[in-house]
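Data first, discussion second: the structure below is written as structure tokens.
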Amino acid sequence: MLRRGLNRLCGGDEKRVDSRTIYVGHRPCPPTEAFIPPKFCDNRIVSSKYTVWNFLPKNLFEQFRRIANFYFLIIFLVQVIVDTPTSPVTSGLPLFFVITVTAIKQGYEDWLRHKADKEVNKYPAIRLENGQRARTYSENIKVGDVVEVVEDETFPCDLILLQSSRDDGTCFVTTASLDGESNHKTHYTVPDMEKDLESLSATIECEQPQPDLYKFVGRMHIYKHDQETFVRSLGPENLLLKGATLKNTKKIYAVALYTGMETKMALNYQGKSQKRSAVEKSINGFLLVYLSILVSKALVCTSLKYWWQSREGQDEPWYNQKTQKERDTYKFLKMFTDFLSFMVLFNFIIPVSMYVTVEMQKFLGSFFITWDKDFFDPEIEEGALVNTSDLNEELGQVEYVFTDKTGTLTQNNMEFIECCIDGFQYKNRDSCSELDGFCVTDGPISKLQEKAGREKEELFLRALCLCHTVQVKEPGPDERTELDQVDQVDGLDQVDGLHRPLAQAQEERGFIASSPDEVALVKGAMKYGFTFLGLESKTMKIKNRQNDIESYDLLHVLNFDPVRRRMSVIVRSRTGETMLFCKGADSSIFPRVKQEEVDRIRTHVERNATEGYRTLCVAYKRLSPEEFAEAEERLQEARLALQDRDEKLTAVYNQVETDMSLIGATAVEDRLQEEAAETMEALQGAGMKVWVLTGDKMETAKSTCYACRLFQRGTELLELTVRTLEGGRRREERLYELLQDYHKKAVQDAPPAKPGVTRSWATAQQEYGFIIDGATLSLVLNPADANSSRYKSLFLQICQNCCAVLCCRMAPLQKAQIVRMVKNCKGSPITLSIGDGANDVSMILEAHVGIGIKGKEGRQAVRNSDYALPKLKHLKKLLLAHGHLYYVRIAHLVQYFFYKNLCFILPQFLYQFFCGYSQQPLYDAAYLTMYNICFTSMPILAYSLLEQHICIEVLMDNAILYRDIAKNANLRWGPFLYWTVLGVFQGLMFFFGVRFLFSNPALQDNGQVFGNWSYGTTVFTILVFTVTLKLALDTRHWTWINHFVIWGSLCFYVFFSFFWGGIIWPFLRQQRLYFVFANMLSSVSAWLTIILLILLSLLPDILLMVFRKPKTHVRQKKPRLTSAGAPKSPRASARPLLMRTFSDESNTVC
Amino acid sequence: MMASSYNAKEEDGHHSGAVGPGGAGTVKIKKPDNTAFKQQRLPAWQPILTAGTVLPAFFVIGLIFIPIGIGLFVTSNNIKEFEIDYTGMEESSPCYVCAHNYSWNNTTPCICLIPFVLDQPFESNVFMYYGLSNFYQNHRRYVKSRDDSQLNGDKTSLLNPSKECEPYRKSNGLSIAPCGAIANSLFNDTLELIYNFPNGTTITIPLMRKGIAWWTDKHVKFRNPGGNDNNLTTAFAGTAKPLNWGKPVYELDPSDPDNNGFINEDFIVWMRTAALPTFRKLYRIIQKKKDNMMPTLPQGNYTLNITYNYPVRSFDGQKRMILSTISWMGGKNPFLGIAYITVGSVCFFLGVVLLIIHHKYGSRNNNADIPN
């Protein structure tokens, strides 16, 4: 929404001034014209909320905007103004405490934001000033500055490329942190740019900043000395975006165009709106209940008071006369102030301190996430990061997980796994480092047979080496790179598991390609002895196994496109042979080759696909000179066509790529993140629905889903993509038809799922997976005809019944759209988004909980996330252990707080019936104030930080336990009612127990009597002990801290009472508690009553616990049973994917 | 089980630690501390309440509570208590006239005599209480209408009492000492106990007027201005007596300087506001006879001699005189004994029920677990 607002804002800007003019290097051009330096915002990124100066007023304002705080402020003011039973201190002090603690917390968080901003803003940059390179910071860059950026640096703002160190005026850029595409993109300098930037005088006229990453329109006026003016048009290919990284180019010079908050990256920020957890919503619900209890109590008391006073002699008996002022007060005003007084008297029922305790619990609790060493990743040497502590408990409530694919599920790191040549399988196993390198076939069958003929092998490898668009990176000047290269070439075989990450990093330097698959293939060929040495002026050089250099003339590249799903090259070898090599998806290759060849390879391809590998088939064709001549002619013709060029080209391509012979297939693995499959399985086991949202192709995404076991072999896939919609008829109709069809299948025919159990391991129930792509999704979400909003509900219903949903070809904003759609659907489920790139930011911000992976693609996602993790696998512990515990803790915290304040205030309410509804407080003011702050706050805080009702290992091993707390189970009205009833019961016990005791107030053995303060203190003592012991009963995890805090606060209460009653406090007007506590303890009856009432109050709880125990008991035992008995438990699949693939299954298949 | 999981984790830590040094030396700086607290692995006692653990507790509680309850009940029953209402609401009551002809301005005290019979002798010390009903000493306006610093002998407060005392703060420009509604409404009936010997002679039973207030109240909380030894008349110079009082505060007990002024025990007792609208306050103590041969109050006929000053009719109040012996648990109150016996029995009963459940279903539960 904010984004839309921003857009609108931008739109408004554009209307006002539809373009901006930038003077390159701030040089007036043409020199004669008056130079008015235009004002643009500076290059500072500001994500912080406060400054030192506005912190106090702004923070106070924001805090009092919270209903609860405002309520307490009102109560405080009422106490100050109206004559109320309790002094303003009793509510003022806690409120002050709350406000201060919250302010400190928010201040701290803002300080962290300041720090993060500073890190970005103080990023060193180099600016050209009068021809000199001047070091400066990113924040100092102004629009029009010429900036130097060196390799692997990120651009400090949006820039127009002026000059590159590369000869061809290009530079390579990876926008991984912006849109998640990690391939290298080529950007171009402005054509005909002068070499000497110093003498360049030019202006750039361009549109106002707008958030679309791929749109940019502008033009550059270059003024030459001879007053000749060039105009060059500028497009997105000239624009370098802030956040992108310069690759493979030593340095560039560029002029700053948009800075600071006007950069496309900043405009793509969605303002971080305050996320509120479901628990907070529950709290607000409970708060309303308690508020109504409070108001009704006050109303009851007020009306009873006036009824009681209306009886003769009660309102103003001779012994207790009113002041003249009181008598004169207008009656209704008096009633109103009485009502307010009762409100004040009972206001403790709404616990001020709950907010501060909740805040503290969240704040301190989040440290346990940062501290968790299981989240520490030795590779990046970082642990988890908590950006918002408000959502800890939400981690225990997740129902939908939206995950990015590239970089999140997968490492975006392709690896050549195996190939199949002419029906024989070749695996890239470590053992293939036998000198021959390329001999290992596997399985008994292949051992019997000979491997494919050497020619075929070599042909296949040559095809791999030739059929691509990979570039070899020029070895840099520093020796290390060269060494690496050498190492790469002939040291590869020694690469073992430990070295792999390092080696991969080196390998990546070697090749640059638009698709990581191609690099993987080239590398794969290299392992088998064929090394691609590079492309020089249309000649491709290959080093073959005999270490001879073969060179081929590259005649044509038939580019890859997603419709054809294949690419080809036409090369001519030194021997004069013209060959066409083609590689592509099986579906696009198989129809173009001979059937018998297909049959030999098909099983391999299919098996590889189900294993989650990306498979490509390789085919070739020898072209006779005539054929080639014809093809070339037609290609030229198509290339020069002015109209329908693409269609014509495709037609030619299709014609050329026929009658090929299949030589083999490859399998490339986009390596999954460590334990990705286990994590996904655990999440599904925990009842979460996993949706994969990716910008990637459907096939790759699908194979990843298989690899992650989101889709399983038995899963029936419901596809809703552009391809399935192609049916001749209108797409809308077809869409509706399909939706209906799927809906029937997945929703209507499915047996009604047992509540709470969405996917169980044992049932053989048909599972559905759903696949939709971006284009179709936009049809569903934004249907052309207005009355088709039914699509959306159909779609949602289908999705809810599918175990996993795959959305591919998503734009970043579409991801957010999906999240929003699910978030707002019936039952408003809790959503979690996890991603690592800037393209995931929108979805991270949209979801209830956003998780950033500290991946390779920059820090964007991390910065915008609520929690950042080093690896996907950590998600399991974060949700299953931390989330679960935090939820249980905070739920208990909230319920306990309401409960303890209910039984705190109920006796006070009941006392009104015995004191003539006069608002006489039962407890002393000190007790009223300190009850929540000191006597009962620490134990629950410790509990809410340390409790582990089920220990972490069990939680991790049994994802199913997560379902116990699903749908806010512990904060529903049921548990709330239980706690409330318990509070009422105990309140009644306290009050009436002591009431019966005090029917004869002579409680000491010297016959002396106790007064009202003794009464209150007795009730209060019972209350404090009961409430604390109740917590002790609930504590399942007694660490020394719990012991210390629970027994400590009881001791503190006793000591405080002695202390408070032991001294005449000169600053107090009333010494009403003087020795009350000590006297109470000198009475045996009081002791006996206290013990009895504590026990009696706890009895129902103990009983319930004992009777309920069998269930929980089983729960504690169950884990072992299920993991031992059920073969399909998550444990079973815990073996690494690679191992599983290569050990048993490949044998059986072959 | 806990221990084993610990070890496993410890090893985990070592493993990663062993891998770590392969990288850089900075690993240790950023790596979260592997402390038990930070890893949420503090050694913990994990109690689980089961029927097995709770059962003995129930029995123990039952076994302890029932005897205590019986003891309390017996004790309470042994306490002798005699109560007589002398409000004078019925015409038959000797105090009827006093109750109805009451006015504050009466100079001549109205005296009424109520005869009563004690069926049983009262042994040991006997405590004499007065009881009031429907008297809201715990009304907020009333409770706060006092000035503790004035009562503590503070000179400035004596002459300038707290505003809380309104409307009993000043009288004719002079500040009232002691100020406030509580002090103003001091119970001022005088009760005397006369024993009628069977032979017709009467004897006024000596009543101790000291030892009825809390020691701390008498010695610390309440003090006369300028110390207790000074001449109280001068100490209270410049103050007025409370409106309803017949005499100023320094004449409450002229016979005993240690019981006069603010430290008059009747006054202190009254100042401790009662918790409930029906209450009793200690009035006098009848000490047991020295020789121990005779009961403190032998059975027989008595007369209660009341100087009826305190009006309660206007607010439907009642006045009582209570004679009671005291035990270690205080005055007569059957509640505690009954409550203890009840709770003890309930616990015992629950214990039995739990035992049955435990035996009947507990084992079956265990069996049922395994096939699952």
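Here the structure is a predicted model, which is why all the values come from computation and not from measurement. First the proteins, then the strands, lettered A, B, ... as listed; each starts at 1. Note: hydrogens, waters and symmetry copies are ignored here, and every other heavy atom, side chains too, is used.
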Using a 4.5 angstrom heavy-atom cutoff, name the option from [options] with the most pairs to chain B.
options	result
A:Lys322, A:Gln1008, A:His1043, A:Gln919	A:Gln1008
A:Leu1095, A:Thr370, A:Ile952	A:Leu1095
A:Leu1068, A:Asn1006, A:Ile1102, A:Leu885	A:Asn1006
A:Phe914, A:Trp1040, A:Phe998	A:Phe914
A:Leu1033, A:Ile1041, A:Leu997	A:Leu997
A:Ser1083, A:Gly993, A:Cys915	A:Cys915

Proximal component of [X], with respect to chain B [non-hydrogen, under 4.5 Å]:
X	answer
A:Leu945	backbone
A:Leu922	neither
A:Leu1092	both
A:Glu326	side chain
A:Arg311	neither
A:Thr1089	both
A:Asn320	both
A:Tyr911	side chain
A:Ile1064	side chain
A:Ser1014	side chain

Non-hydrogen atoms of chain A under 4.5 Å away: do they reach the side chain of [X], the backbone, both or neither?
X	result
B:Glu81	side chain
B:Leu72	side chain
B:Phe335	side chain
B:Phe58	side chain
B:Phe127	side chain
B:Ala274	backbone
B:Ile322	neither
B:Ser327	backbone
B:Ile182	neither
B:Asn152	side chain
B:Ile68	side chain
B:Tyr129	side chain
B:Ala57	neither
B:Leu282	both

- Message: We want to know whether A:Gln1004 and A:Asn1079 form a side-chain donor-acceptor pair, criterion being a heavy-atom distance below 3.5 angstrom.
- Response: yes
Please confirm whether the ring centroid of [X] lies under 6.0 Å from the ring centroid of [Y].
X	Y	answer
A:Tyr917	B:His139	no
A:Tyr319	B:Tyr136	no
A:Trp1013	A:Phe1075	no
A:Phe1010	B:Trp214	yes

At a heavy-atom distance under 4.5 Å, which candidate from [options] has the highest pair count against chain A?
options	answer
B:Gly211, B:Ser162, B:Ala213, B:Ser149	B:Ala213
B:Ile326, B:Ile61, B:Thr216, B:Ile212	B:Thr216
B:Arg141, B:Arg169, B:Met329	B:Arg141
B:Asp154, B:Asn134, B:Asp217	B:Asn134
B:Trp45, B:Phe65, B:Phe315	B:Trp45

Over all heavy atoms of both residues, which pair between [X] and [Y] is shortest? Give the atoms and the distance, please.
X	Y	result
B:Trp270	B:Gln137	O-NE2, 3.0 Å
A:Gln321	B:Pro167	O-CD, 3.4 Å
B:Pro311	A:Trp318	O-NE1, 3.0 Å
A:Ser1085	B:Gly330	OG-N, 4.5 Å

If only atom types and distance count, is the side chain of [X] paired as donor or acceptor with the main-chain N or O of [Y] below 3.5 Å?
X	Y	value
A:Asn1042	A:Thr1039	yes
B:Glu166	A:Lys325	no
B:Asn138	B:Ala275	yes
B:Asn184	B:Leu243	yes
A:Tyr1074	B:Val220	no
B:Gln40	A:Phe368	no

- Message: Parallel, tilted or perpendicular: which one describes the rings of A:Phe992 and A:Phe996, with boundaries at 30° and 60°?
- Response: tilted
- Query: Is B:Lys281 positioned over the aromatic face of B:Phe279, cation under 6.0 angstrom from the ring centre and no more than 45 degrees off axis?
  - Reply: yes
- Message: Between B:Met208 and B:Ile286, is there a side-chain heavy-atom distance shorter than 4.5 Å?
- Response: no
- Message: Pair A:Gln1070, A:Arg1072 - check side-chain hydrogen bond (donor to acceptor under 3.5 Å, both in side chains), show working.
- Response: CA-CA 5 Å; A:Gln1070 288 165 323; A:Arg1072 40 202 190 190; 3.2 Å; yes
